[in-house]
Amino acid sequence: GENVEQHPSTLSVQEGDSAVIKCTYSDSASNYFPWYKQELGKRPQLIIDIRSNVGEKKDQRIAVTLNKTAKHFSLHITETQPEDSAVYFCAASIPGGEYGNKLVFGAGTILRVKS
Amino acid sequence: GAGVSQSPSNKVTEKGKDVELRCDPISGHTALYWYRQSLGQGLEFLIYFQGNSAPDKSGLPSDRFSAERTGGSVSTLTIQRTQQEDSAVYLCASSLGLHNNEQFFGPGTRLTVL
């Protein structure tokens, strides 16, 4: 089955610096890759997603890149701010045919932005 | 509009007791997912529903775990004869369904088995 690996497990950056989190997946049929942010004690929330027909997507300070050949995708946060501190999860879809897709999540990255 | 809701928010139970966790998805969302998140860990897939059908139960950890969904809406996750290792936050999510749509998460139920 699908396996999603996420690195690093923890990441500390200085406020204003960039942060990059990387994920790899194993199933070449995966075609949807969302990123979720989970603040302490709160529910995960989608921050950006990308589909396999594009290589890059950007939304203000957040961008995601996808390399289908290498089966990896990355989250880039520029000009980090203290409120970016949270756990970030990547995920890859598992096609389920007529029953639809499910997501397999990475183990998460704890991002700490130091001010 | 209303988001995904879950109840109870917290549940403390004794080892060996049965518990039921409830999820109310966003109205109109046909897909519903259950995940388990242990302290400081990632999201472990348990089961998902498309309408009332559960095409994938592969994530259920043991036969003590079961889930149902009736009327294509509310879902309950039942854990029988709870064990201490069942302690975790149980998250429910819903999406418009079928293919590659954003999953909206509920606030979770924190289960503590003493």
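Atom set for the values below is all heavy atoms of this structure, side chains included, hydrogens, waters and symmetry mates excluded. Letters go in sequence order (proteins before strands), and every chain restarts at 1.
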Give the interface residues of residues 79-87 of chain A toward chain B, defined by a heavy-atom separation under 4.5 Å. none

Chain B neighbours within residues 37-48 of chain A, where any heavy atom lies under 4.5 Å away: A:Q38, A:R43, A:P44, A:L46

Side-chain donor-acceptor distances from residues 22-29 of chain A under 3.5 Å, at least two apart:
residue, atom, partner, partner atom, Å
A:S26, OG, A:E2, OE1, 2.9
A:S26, OG, A:N3, N, 2.9
A:D27, OD1, A:A29, N, 2.8

Could you give the side-chain donor-acceptor pairs of residues 5-13 of chain B under 3.5 Å, partners two or more places apart or in another chain?
residue, atom, partner, partner atom, Å
B:Q6, OE1, B:C92, N, 3.0
B:Q6, OE1, B:G108, N, 2.9
B:Q6, NE2, B:Y90, O, 2.9

Distance (rounded to the nearest 0.5 Å) between A:I94 CD1 and B:Y48 OH: 10.5 Å

Say you draw a straight line from OH of A:Y36 to CD of B:Q103; how long is it, rounded to the nearest 0.5 Å? 5.0 Å

Per-residue contact mode, B:L43 against chain A (heavy atom under 4.5 angstrom): both

Is there side-chain contact between B:Q37 and A:F89, with heavy atoms separated by less than 4.5 Å? yes

Going hydrophobic residue to hydrophobic residue with side-chain gaps under 4.5 angstrom, can you get from [X] over to [Y]?
{"X": "A:F105", "Y": "B:L46", "result": "no"}
{"X": "A:I62", "Y": "A:V54", "result": "yes"}
{"X": "A:I21", "Y": "A:L66", "result": "yes"}
{"X": "B:L91", "Y": "B:L32", "result": "no"}
{"X": "B:F49", "Y": "B:F45", "result": "no"}

Counting heavy atoms not belonging to [X], are there more than 12 under 6.0 Å from its [atom1]?
{"X": "A:R61", "atom1": "CZ", "value": "yes"}
{"X": "B:E85", "atom1": "CD", "value": "yes"}
{"X": "A:Q60", "atom1": "CD", "value": "no"}

